[in-house]
Number of protein chains: 2
Amino acid sequence: MPSPPRINLKTLAEHLGLSITTVSRALKDGPEVKPDTVARVKQAAATLGYLPDAGGVYLRTGRTMKICSVFFAPEVADYGDAGFLAQVEGVSRTLETDSYNLIVLAQTASQSPLETVRRVFQQRLADGIIFSRTTPMDERARFCLEFKFPFVSFGRTELHSPHAFVDHDDEGGVYDAVTRLAAEGHKRIALFNPTGGMTYAGFRLRGYQRALADLGLPWDRSLLVTSPLSVWASQAAMGDLLARDTGVTAIVCANQLSMFGAMDAAQEQGRDPAQGDLRIIGFGGMPFRMPFEQGVTYYYQPQRRDGEELARHMLALLQGEPAESLQTVLPYQRIDDLQRFRTDLRTQAMAEARRP
Amino acid sequence: MPSPPRINLKTLAEHLGLSITTVSRALKDGPEVKPDTVARVKQAAATLGYLPDAGGVYLRTGRTMKICSVFFAPEVADYGDAGFLAQVEGVSRTLETDSYNLIVLAQTASQSPLETVRRVFQQRLADGIIFSRTTPMDERARFCLEFKFPFVSFGRTELHSPHAFVDHDDEGGVYDAVTRLAAEGHKRIALFNPTGGMTYAGFRLRGYQRALADLGLPWDRSLLVTSPLSVWASQAAMGDLLARDTGVTAIVCANQLSMFGAMDAAQEQGRDPAQGDLRIIGFGGMPFRMPFEQGVTYYYQPQRRDGEELARHMLALLQGEPAESLQTVLPYQRIDDLQRFRTDLRTQAMAEARRP
DNA sequence: CCAACAAATCAAAACGTTTTGGATTGTGCG
DNA sequence: CGCACAATCCAAAACGTTTTGATTTGTTGG
């Protein structure tokens, strides 16, 4: 049983008794071809299921019609950050409107971040790239700038040349959190920060220190804890802190996973957030349901919207818009009552689902 | 400031004073080229950062060196299934060994599943495709079989032609769960199943009914609840069930999200799994920490390993191995004590992290 | 010294597409 | 009728790569 032949412009042209040129033109409504023929060609293309070969189109036009988003896989070692999928959905849906495809490249532990970007550029895997874990002097950003390769970074840099980015206001978020904790009477507030030299860790620290200064609280180096953001690593780091410093009454966590880690550590040390033994502040995307939601304030960022913004910037870049005008810093939304927030979202989603 | 020129075989050849042919051959250690020249070419390629243009290679060889994995985006509407990322990592890492790239295509709500597969095939976006949400008469599988397009389905079909797949033993898992619940004294055990006609829903039902029959329990249609697997949808469906049938003492959930939904629903109905008011059985990947872990038995499936198996099958297919020999059904691992399981995994992971 | 042969390199074709520049036909007008 | 011109269509080139077949150079044996 031979498989049906693959349809390309040549076979389509032969089947119609036309030239390749005419068929190609007809498919994009070229004015030089008789309306009659256009209809006939489109009809045949539809029934035969013709779609242009992406490799061929690229070779001729230089455009792959693909955008690459880099997925940092080592972080998935234990739990994955579910929020990335929401971001992927946002990116994908937005790109779709301009008939771009998203390709997600997994950055495994064995490749350097720059290698991945270089490969995308040099092998022409995509027309542009989106990456996160951005550092102040990000080498990937520098590479893209040098080779004029379109990119949007999730996170700011400190590079001189302007470039497109989407970021969260981590400085503002942490400042707000610390201020409120102090108002509640907390004196020893720990800040949990990721390792890896990401720019936003610096913003978080700045917000923390600025709040302390404004509040007249002392800056204590030992209250700054840094570790990878996996559940286990942050649990270990948090456990260390809580064991060596029993005076800590509040922790400002980084992402959702580190919040889980903090909770596990608190429980292990016999401190129950639900009983008010420890205040936990979380940051991140749509929060999963947790054991101790009462003692938690959460700074929320809808990651699907992040993805949409990233994609919009990318599409604008490809349209030739200047990068200067494609820089977004999104505020966090503070949630004091997670339970209520959840039910509100639910009723909202149910209502949306009802009217399609 | 002009950007550096892109390096291709032509520029590389000119730069070396050689022909394109010789450079191409040298880069793949062709025996017809002088060892001296090979070294010179490779040196130049490395310093100039040459990598072959993927589009050009494809056009000539017919191989894109890419594998596509379809991501079902509508499910992310509220919470995403973090496990998919673990699977992606597994696939990606395994493909890497044969220098294949993974591209993740997001299947949004606006495209039919078949359309996505057809596009990958016809536009030549990849050399093979991996998809999930497999149905007994899966049209995507039928399409791939007809056109002899390599694919591995995550989930079985009932098609006559054999094809490669990876699946879990859902029938066995549910049978085991129901049997144990009955041994604990439960009489009214609800089964939660996904909508969408996926094959594994049928296996789950079969395991459920077989267990009931073996145990001499009656089959009660009203104990079978079907709904989409998002947190909110399953909470609503579970709420309905618990409200209309107060005799239910145990629920066999589908994935992790539906388990969260069931817990929310239980709480809403004033039934506390921690107090033994309701037994909840979960299925899925690495479980997030939950409010009521005491009343939960979890059937675990390491999704990274699923990904690795999917990728291995795909690579084998592309090597020409027959699909008959590429069919895997993986057993679930029952976890009665989630707390202990978690700490075990943690110590294990920490030990691994210590010796790199 | 020349034929025969191996070693090393190269020119050209092909993949599927778009586009440039022609070619062919049909129509209107002087 | 003959010419210009529009309306259609088509051949060929180009993109970057691999591979087939040919060509050049160097070496060996008679």
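Computed from a predicted structure; not experimentally measured. Note that these values count all heavy atoms, side chains included, but never hydrogens, waters or copies made by symmetry. Per chain, numbering begins at 1; letters A, B, ... match sequence-line order.
Here A:Y50 reaches the OP1 or OP2 of C:dT17: one of its side-chain N or O atoms lies under 4.0 Å away. Residue B:K28 has a polar side-chain atom (N or O) positioned under 4.0 Å from OP1 or OP2 of D:dT18. Between B:S19 and C:dC10 there is a side-chain N or O to OP1 or OP2 distance below 4.0 Å. Remark: A:T61 is not in phosphate contact with D:dC15, judged by side-chain N or O atoms under 4.0 Å from OP1 or OP2.
A:I129 pairs in a side-chain contact (heavy atoms from CB on, under 4.5 Å) with only one of the listed residues (A:I103, A:V117, A:I67), which is A:V117.
Within 4.0 Å (heavy atoms only), B:I20 reaches at least one base atom of the nucleic acid. As judged by a 4.0 angstrom heavy-atom cut-off over every strand, A:G30 is placed among residues making no nucleic acid contact. Here A:R124 lies out of heavy-atom contact (under 4.0 Å) with every strand. Using a 4.0 Å heavy-atom distance criterion, B:S24 is classed as a base contact.
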Show, in sequence, the C-alpha distance, side-chain angles and deciding distance for B:F149 and B:F143, and conclude whether the ring-ring contact (aromatic ring centres under 6.0 Å, His included) test is met. CA-CA 8 Å; B:F149 189 56; B:F143 177 89; 7.8 Å; no
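A straight line from CG of A:L9 to P of C:dA14 spans 18 Å, rounded to a whole angstrom.
Picking from D:dC10, D:dT18, C:dC15 the nucleotide with the shortest atom distance to the side chain of B:L59 gives C:dC15. Comparing C:dG16, C:dA11, D:dT18 by their nearest atom to the side chain of A:R60 picks out C:dG16.
Judged purely by distance below 3.5 Å, without hydrogens or angles, the side chains of B:T157 and B:D138 never pair a donor atom with an acceptor atom.
Under the 3.5 Å distance criterion, the side-chain polar atoms of A:R142 are matched with a main-chain donor or acceptor of A:M137.
Residue-to-nucleotide proximity on DNA chain D shows that, of A:E32 and A:T21, the 5′-proximal contact is made by A:E32.
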